[in-house]
Visitor: 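Got a structure for you, questions after.
If you're wondering where the values come from, they're calculated on a predicted model, not measured in any experiment.
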Protein chains: 2
Amino acid sequence: MTVLQNASDVLRLFGSGCSDLTVTEVTTRLGIPKANASRLLKAMRDAGMLETIGDTRRHRPGRMMLDLASAFRKSLGVIGQAGEVVAAVTERFGHTGYVSLREGREVTAVADFPGTNDLRVVSNIGRRLTAHGSATGRTLLARMSDAEVQAVYAGRPELDGLLPRLDAIRASGFAYSSQESTPGVDAIAIAVGDPTTEEAVSLCIVYPHAVVGEDDRDEMLAALASGATRIARDLGDAKFVAPRIPEKGLFA
Amino acid sequence: MTVLQNASDVLRLFGSGCSDLTVTEVTTRLGIPKANASRLLKAMRDAGMLETIGDTRRHRPGRMMLDLASAFRKSLGVIGQAGEVVAAVTERFGHTGYVSLREGREVTAVADFPGTNDLRVVSNIGRRLTAHGSATGRTLLARMSDAEVQAVYAGRPELDGLLPRLDAIRASGFAYSSQESTPGVDAIAIAVGDPTTEEAVSLCIVYPHAVVGEDDRDEMLAALASGATRIARDLGDAKFVAPRIPEKGLFA
DNA sequence: GCATTTGTTCCGATTTATGGAACTCATAAT
DNA sequence: ATTATGAGTTCCATAAATCGGAACAAATGC
């Protein structure tokens, strides 16, 4: 067994909820001689993979690991990061999720995460929705200025009443729609973008109107919002508005 | 040179802004034979420390590293995390920073970070301020309900006009004070808490009123806010309100 | 198609890791 | 005060990994 594998096993112990380790914990949890564990932790400390907590014998991951996490996220790109967030929300609540891009007056899903609930909205990757007529699309339009939106919709009837709705999204940080694109289906969407590549995507969760109460809905919004906020912070998205979870009854 | 040290050197390359690496980049940047680099990256991949990006030859940190970053933060606790954020802001802008706790109607600094500017507010750890009369204190009070605040200030004159000020903080997510506790000194404060331990701390930057323009002030607020937001997200702080950077002129 | 760049594999010599036991150090119990 | 107890480190011969150079293979560019 190579040292690297052992070191990796030690690091993996941190994954399962434990935030610090001692030599003995490592020997018992990995089943290796304590002489090895002792030397291994020392070597990992010297290499900066671990650091001791204060002057105790407890170890935690080294500071270097913070940079790694952000390098990992950076290399994913916005779409990838958005996908990770939506996947996590889908996993947790069982409802279908999308990541979508806007092209002109339309939006297309570029990644989809089928829900697991018995009653769920079937995923439909590649289906094109109108940007003005979907929560996802409006979050992406809301990232543009009114002038830009007007340019996209020059002389078109869809513009009617659109700008105030976008203002509302700019204020709240998210969009919600109930039975708009599909009967019986509600959607929550939040947009986030990468200022360096100019890519903006929308994170969206869709669910059957009938089976989701206000509390679940707010929880999903909160989950989606916290993921999107992290992405926006990591990428330095200045246009992002941190969604504010509304009080009960003020939703929509 | 041990493998662990080499592996660590490779990981460290990610720290300096680069989000992915190839074998040749590693050989040149670390100055090691490419045979070694090739085997090293393979071993690190097998150990889960790295993963390849798609089916290209580029490598990025493995997903495991995400867990490590959060284990690191968790082991710091709120006070430690707040300290890291304040230290970073202090470092960047040169102004003095504090982390404070509230006890009853007073707040005390538990960590301080002396500024580096020629004209700066001298740090004063252990100095007690009134909670109602300092930006720091009010951010902490704003985390409580009106009823709880009233209980703390039962029958006391300080309660006059306090609740509306707290409401303003709850709405904006931060507190600002100009020449309040100390003449010539302004302060920006944001509170964050750990729901599991019930600990709440306030992150605060203090600076001479005369030398900081609106732009710098907004930048400091943004820096403090993004750090506090990350902490709140990591810990699941439901009471946290993500600060919204106000438009010019609407500040305070 | 050929040249070039990039990555992998092979080899013996050398370095490093391994695991059992002996040892130190601090803390808790008698 | 003395002795157990447990955690952590160090010692040693053996076993296994790494090293660097060069030959080899596989992409990429012209």
Visitor: Using a 4.0 Å heavy-atom cut-off to protein, can you give one letter per nucleotide of nucleotides 18-30 of chain D, 5' to 3': B if the base is in contact, S if only the sugar-phosphate is, - if neither?
Guide: SBBBB----S---

Visitor: In whole Å, what is the span from the NZ atom of Lys42(B) to the C1' atom of dA17(D)?
Guide: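 It is 15 Å, rounded to the nearest whole Å.
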
Visitor: Taking all heavy atoms of Met64(A) and all of Ala47(A), pick out the closest pair and write down the distance.
Guide: CE-O, 4.5 Å

Visitor: Rounded to whole Å, how long is the line connecting atom CD of Gln5(A) with atom P of dA16(D)?
Guide: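 Computing the Gln5(A):CD to dA16(D):P distance gives 17 Å.
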
Visitor: Starting at atom CG of Leu41(A), determine the distance to atom P of dA17(C), rounded to an integer number of angstrom.
Guide: 14 Å

Visitor: Sequence neighbours left out, what passes side-chain hydrogen bond (donor to acceptor under 3.5 Å, both in side chains) with Ser100(A)? Give chain and number order.
Guide: none

Visitor: Rounded to whole Å, please give me the gap between CG in Leu50(A) and P in dG8(D).
Guide: 14 Å

Visitor: Holding to side chain to side chain contact (heavy atoms under 4.5 Å, CB included), I want the full list of residues that pass it with Ser38(B), two or more places apart in sequence or in another chain.
Guide: Val23(B)

Visitor: Restricting to salt bridge (charged side-chain N to carboxylate O under 4.0 Å, His left out), what partner residues turn up for Arg57(B), sequence neighbours left out?
Guide: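 Salt bridge (charged side-chain N to carboxylate O under 4.0 Å, His left out) list for Arg57(B), sorted by chain: empty.
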
Visitor: Going by side chain to side chain contact (heavy atoms under 4.5 Å, CB included), name the residues that satisfy it together with Arg230(B), two or more places apart in sequence or in a different chain.
Guide: Arg233(A), Arg73(B), Gln81(B), Val85(B), Arg233(B), Asp234(B)

Visitor: Can you list everything that forms a salt bridge (charged side-chain N to carboxylate O under 4.0 Å, His left out) with Lys42(B)? Sequence neighbours excluded, please.
Guide: Asp46(B)

Visitor: If I take atom CZ in residue Arg58(B) and atom P in nucleotide dT6(C), what distance separates them, rounded to the nearest angstrom?
Guide: 11 Å

